[in-house]
Amino acid sequence: MTVSTSTSSTSSDSPISSQDELDRLRQLVLGPDYEQALRTMLSQSDTERIAATISEAIIQRNLSDKSVAQALAPIIDDAIDNAIKYRPQRITRVIYPIIGPSIRKSVARALADMVQNLNQILESSLSLRAWGWRYQAWRAGMKYGEYVLLKTLDFRVEQVLLIHRETGILLHAENAAGFQTEDPELVSSMLTAVSDFVTDSFSRHPDTSLDNIRVGDFILEIETGPSAILAAAIRGTPSEKVSQVLRHTLERLHLVFSREFDRFNGDRAIFDSASHLMRPCLLTQHKEDFYIGTPWLALTAIALLLAYGGWESYQKVQNEISYRHILEYIRTTPGYVIVDESKELPHLRLEILRPPSSPPPNQRLAGLKTAPWQVNIVDHVAPLNMREYLLPLIPEMFHLGQGVEIELNDQTLAIKGLIKESQYREIEHSPMLQSVYSSVDLSAAQSYPEQSPKEQQLSQWYRLKAKIENIRFQFQPNTTNLVAGEEQKIPELVADLNTALSLAEEIPVYHWQLYIVGYANSAGSDNANIKISEARAKLISELLQANHMDASLLLAWGAGNLPDSRLPEHQQRMVSLQLIHSPIILGTEYP
Amino acid sequence: MIAKKVCLLGSFAVGKSSLIRRFVESIFSDKYHTTIGVKIDKKVVRSQDQDVQLMIWDIEGKDEFSTYRQSYLRGAAGYFLVVDGTRPDSVSVAKEWHDMVLQQGLKLPFILLVNKSDLFYDQRLNEDDLVELSSMGWEILLTSAKTGENVDYAFERLTTKLLENNE
Ligand SMILES: Nc1nc2c(ncn2[C@@H]2O[C@H](COP(=O)(O)OP(=O)(O)O)[C@@H](O)[C@H]2O)c(=O)[nH]1
Ligand SMILES: [Mg+2]
């Protein structure tokens, strides 16, 4: 250090001679490698130089302050955003097995809270839905509790499909015992198509991915991972547990088979080993499980009480048994639904809902030994109340708009305001409304058509198309002569075609062509039949051209005889028409 | 059994659906077809002493011109380009489809089907166009969904190409 300072002061005095000295000194101090290093450094471009040192530089700088991180953060964020946007597959494939479990943990907590709340609401409230269910349970001749269970809990997973996401090909299927679907391979492909369709259609709202579809008695619960999809066909209404298990299984499948998913070339043998991972998805939950649950609980309580011994306990047990007996007796009365109950010895209060045809509760209680309980039953006869109960439910049931007023006049339901045509008809013919109200008054309601003018044009187009395609020109045997009167169909056809033409421009429909197809009956050789059928088609084409139809829109050809035609022989001598056109997409321009 | 996804691409009304109907025995309800714009059929084809399960995707209606094209092609192992021998415009649509496949960075086996060969008096395609495509290495088959000409053969050929591509 000291040496170099003193030399540099010397060199400034006499620059030429001191240059050598400086070099020598450099050699001395820095060693022979320095020259080499300097030369390499000078020959490198700036970029190369930076590249060689950048990581060390960053580490160094980062030790002293956080400015590097601050400078880089937005760039890295952008890079990640870009990668996710343009190469989502790649990113999600890597992180899915890692983030899956952690997301699940926090979701599980939230879900548990939600379920808890839901239970309380269900039990305690007389919400509209609860009343709706009570009504439906009553109509179905079921007990309310049973109905709620049916609505919420009873299910069985019949089949689980593991589907390759990219190709839509079924990799492996697991079935519940005794279950066979029609065609899991087609279902798998359809599902990926449907799910792509949904994702594509709603890609601006990434949350709206497809997670279940209702198909008749089944719900298809769908879990989508980066490389594979798990779909479960479930009978009944699945609980949240099912999707949890599916999600979990799919994560494990991604861990185990990630390479196989990536390199899938159509060979599915390896995925047979997914069986043991997938079997746990075949969950079942029967409503019987719940009924079995309750008495066991009661019996355990009784056993415990007995174990405590003593007369008091014995009395309590007796009271409990008596209470359960009464409850069961009332509950199983045909048509009865227990809406509410409360007890405090010796008072037992029940509230029931029942149809008018059922026996009144006092009559039911008459012969029953209820001691030590004094039973008080609040009796709601259903239809009388139903009119009121249903009233606020009607707008939701029939999807009525806000401006619609609903009133109960005596026993008549009066509906006022603007209602869509289909809803008007639905209300008018609803068996449910008819069973509850003595009449439905729609005189102050006005119906309006569902379709926009564009949609009306479109349905007019389809009507015209159907009309044109239903026309048949019949011919005399072995000739190209029309059966008498057939040519009278031409003017109307021309008028329809012209209407179609102008509609086509408005909608718009592009590239349309009228196929004029001639046919012959089975008499005669194939060759002759082709010829005559073609001549028949040409004749109609000429008739249309004579009526100023544009020849370039017409294509006439002969189909000969159709061996599997279901028409009688004489009707097979004919010409039929087919309107071919580009697909119609409202509001889209042809590219 | 090996399974492969194949697609039929081409302009409207060139006969894509009719070709498939000719080829497969079962028909999935057409209801799905119109709502989601895709119809899928399957058939087992034997090629090179091996059975291959083909999952055959047919696109319908609006999808022909939309962005859904991409997801429709996703994971396909090969495809047919279908044109209508009576409609020269259908050739340019097929070329467009082909370009789009290439743009996605896919290099898949394909065959050009010139359909409606039964309408031989109305064939309006430019012979030179076809010769040019063929000299570019395109495999071209004349088919008719109406008479069944070359339909089974076309699917067998494509399957063979898929298997060759596998190796
Ligand atoms: N003559 C003839 N007509 C055909 C042939 N293939 C399809 N068509 C007709 O062409 C029309 C359109 O066929 P379609 O299969 O719906 O076409 P896509 O839109 O490509 O699926 C229908 O009227 C078919 O009957 C064929 O090979 N020969
Ligand atoms: Mg079609």
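FYI, side chains are in, hydrogens and waters are out, and symmetry mates aren't considered; it's all heavy atoms of this structure. To find a chain, count down the sequence lines: A is the first, B the second, and so on, and within it residues start at 1.
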Other residues, nucleotides and ligands only: do more than 12 of their heavy atoms fall within 6.0 Å of CZ on R46(B)?
yes
Could you check whether atom NZ of K146(B) has more than 12 heavy atoms from other residues, nucleotides or ligands sitting under 6.0 Å from it?
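Yes - once you tally the heavy atoms of other residues, nucleotides and ligands closer than 6.0 Å, there are more than 12.
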Could you verify whether a donor N or O on one side chain and an acceptor N or O on the other, from H98(B) and E96(B), lie under 3.5 Å apart?
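No, no side-chain donor-acceptor contact under 3.5 Å.
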R87(B) versus S11(B), side-chain donor and acceptor atoms under 3.5 Å
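R87(B) and S11(B) do have a side-chain donor-acceptor pair below 3.5 Å.
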Cut-off 4.5 Å, heavy atoms of chain B, and the answer for A556(A) is backbone
Region of L170(A) in contact with chain B, defined by heavy-atom distances below 4.5 Å:
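Neither part, no heavy atoms under 4.5 Å.
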E542(A) bridged to K538(A) by N-O distance under 4.0 Å
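Salt bridge: no.
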Nearest 0.5 Å, what's the CD1-CD distance between I169(A) and Q53(B)?
8.5 Å
Quick test of your reading: applying salt bridge (Lys or Arg N to Asp or Glu O under 4.0 Å), list the pairs with at least one residue in residues 124-136 of chain B, sequence neighbours left out, ordered by first then second residue.
D122(B)-R124(B)
Heavy atoms under 4.5 Å from chain A: which residues of residues 106-118 of chain B carry them?
K116(B), D118(B)
